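Here's the structure, in structure tokens; my notes come after.
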Amino acid sequence: MSAKILEVKYLKKYFPVKKNMFGKDVEFVKAVDGVDFHIEHGEILGLVGESGCGKSTTGRTVLRLLEPTEGKIIFEGQDITHLKKKKLRSVYKHMQLVFQDPFASLNPRKKVGKAIEEVLFVHGMKSEAQRRERVRQLFAMVGLKGEEDKYPHEFSGGQRQRIVIARALAVNPKLIICDEPVSALDVSIQAQIINLLIDLKNRLGLSYLFISHDLRVVKYMSDRVAVMYLGKIVEIAPAEELFKNPAHPYSLALLSSVSGFRTGKNKKRLILEGEVPSPVSPPSGCRFRTRCNYATEQCSEIEPQIKCVGSNHFVSCHLY
Ligand SMILES: Nc1ncnc2c1ncn2[C@@H]1O[C@H](COP(=O)(O)OP(=O)(O)O)[C@@H](O)[C@H]1O
Ligand SMILES: [Mg+2]
């Protein structure tokens with residue numbers, strides 16, 4: 001078996017936003033624009049970047065909730081890029097999503113345990129007694145023992161996220177895409193959910209793509225971290241290395257915005273000048289060049305390729 005549970009190759013997702021007079025799409029939001037990464041079995045890969053850089057679109061496209069424009073998604077060695085809906089169901093047994101807003105993803109009129117029983121039914125568990133037992137186990141696993149006969153409104157935000165996690169676990173997945181799973185929660189509750197996710201990962205041998213704009217959370221959670229800017233991954237490295245030796249000028253600026261991460265060559269707070277450019281017409285060459293203190297002429301002419309700058313540390317920047 002390959003050590004990689006997921007491989008994403010040159011993934012693109014463009015959203016059409018304007019048609020010409022003949023009805024042909026002529027303008028696109030290039031939300032994800034050629035992204036490569038992989039996740040190993042048992043690994044947590046963090047994906048960080050400012051709001052709007054394409055993190056959620058990446059996660060949703062990997063799950064085939066959005067149709068990819070280009071590129072490849074390989075899950076456990078199987079190319080699922082163009083898999084038909086019916087066949088995708090067997091992939092969803094192994095790959096699940098937990099996202100930011102648990103309330104939006106729970107049916108307010110259904111007892112939470114019943115909702116999870118339905119998921120089990122759809123995935124082929126026909127015996128009611130078995131389903132009830134499995135739901136009982138799942139609720140215990142996420143710290144909500146015996147609470148399965150309540151409605152969503154009877155729980156707090158943190159508890160609802162536990163229910164969503166239980167539902168994702170119902171089918172025994174191997175990979176969970178967590179899209180800002182704690183961003184809507186009070187800081188005091190965030191740590192509990194993060195620790196639950198880590199504990200479940202270790203106990204069940206899961207892998208996560210952990211999407212967050214919150215650097216502290218990403219640092220705490222991740223084995224490796226990918227930094228995204230305007231539809232591209234600009235740097236990817238083991239978490240400890242990335243936070244100690246960020247290489248890309250964008251990573252440097254991003255880290256310097258959090259006081260605890262200003263260390264070594266990164267002592268001063270760097271202010272990112274200017275606006276994030278539009279993903280409809282990103283800058284030529286390096287996309288970050290319009291906000292980069294180190295930009296030279298070649299940065300506007302040539303797109304930097306991703307280069308290895310250390311053990312398992314990759315960066316796409318002409319400085320290297
Ligand atoms: N359905 C859509 N149609 C058009 N543009 C979209 C759509 N979904 C997302 N976008 C755009 O794609 C870009 C990336 O969005 P998103 O993946 O949500 O970023 P992030 O999760 O990093 O905040 C943004 O510019 C966003 O406005
Ligand atoms: Mg998002």
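Remember, it's a predicted structure, so these values are computed and weren't measured experimentally.
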Is there a path of hydrophobic side-chain contacts, each under 4.5 Å between heavy atoms of I/L/V/M/F/W/Y residues, joining [Y] to [X]?
| X | Y | result |
| --- | --- | --- |
| Met95 | Ile74 | no |
| Ile306 | Met228 | yes |
| Leu65 | Ile39 | yes |

Practice item. To the nearest 0.5 Å, tell me how far Ile116 CD1 sits from Lys110 NZ. Key: 12.0 Å
**Study point:** Gap separating the CD atom of Gln161 from the CG atom of Leu197, nearest 0.5 angstrom
**Key:**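 Those atoms lie 8.0 Å apart.
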Is the shortest side-chain heavy-atom distance between [X] and [Y] below 4.5 Å?
| X | Y | result |
| --- | --- | --- |
| Gln159 | Glu154 | no |
| Ile233 | Asp36 | no |
| Ser212 | Glu180 | yes |
| Ile5 | Phe75 | yes |
| Leu204 | Met141 | yes |
| Leu88 | Leu63 | no |

Within 6.0 Å of [atom1] in [X], more than 12 heavy atoms from elsewhere:
| X | atom1 | result |
| --- | --- | --- |
| Glu67 | CD | yes |
| His82 | NE2 | no |
| Lys12 | NZ | yes |
| Lys145 | NZ | no |

Exercise for review: Taking atom types as modelled, find out whether Arg160 and Ser105 have a side-chain donor-acceptor pair closer than 3.5 angstrom.
Suggested key: no
**Study point:** Side-chain donor-acceptor pair present, Asp186, Ser188, cut-off under 3.5 Å
**Key:**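 No, because no side-chain N or O of Asp186 sits under 3.5 Å from a partner of the opposite role on Ser188.
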**Study point:** Within 45° cone of Phe121 ring axis and under 6.0 Å: Lys126 NZ or CZ
**Key:** yes
Exercise for review: Please test Ser127 against Gln130 for side chain to side chain donor-acceptor pair (under 3.5 Å), starting from the C-alpha separation and ending with a verdict.
Suggested key: CA-CA 5 Å; Ser127 144; Gln130 259 185 23; 4.6 Å; no
Exercise for review: With sequence neighbours excluded, give me every ring-ring contact (aromatic ring centres under 6.0 Å, His included) pair touching residues 200-232.
Suggested key: Tyr229-Tyr250, Tyr229-Phe288
Review point. Can any side-chain N or O of Arg131 pair as donor or acceptor with the backbone N or O of Met125 at less than 3.5 Å?
Key: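 Looks like yes, one N/O pair under 3.5 Å.
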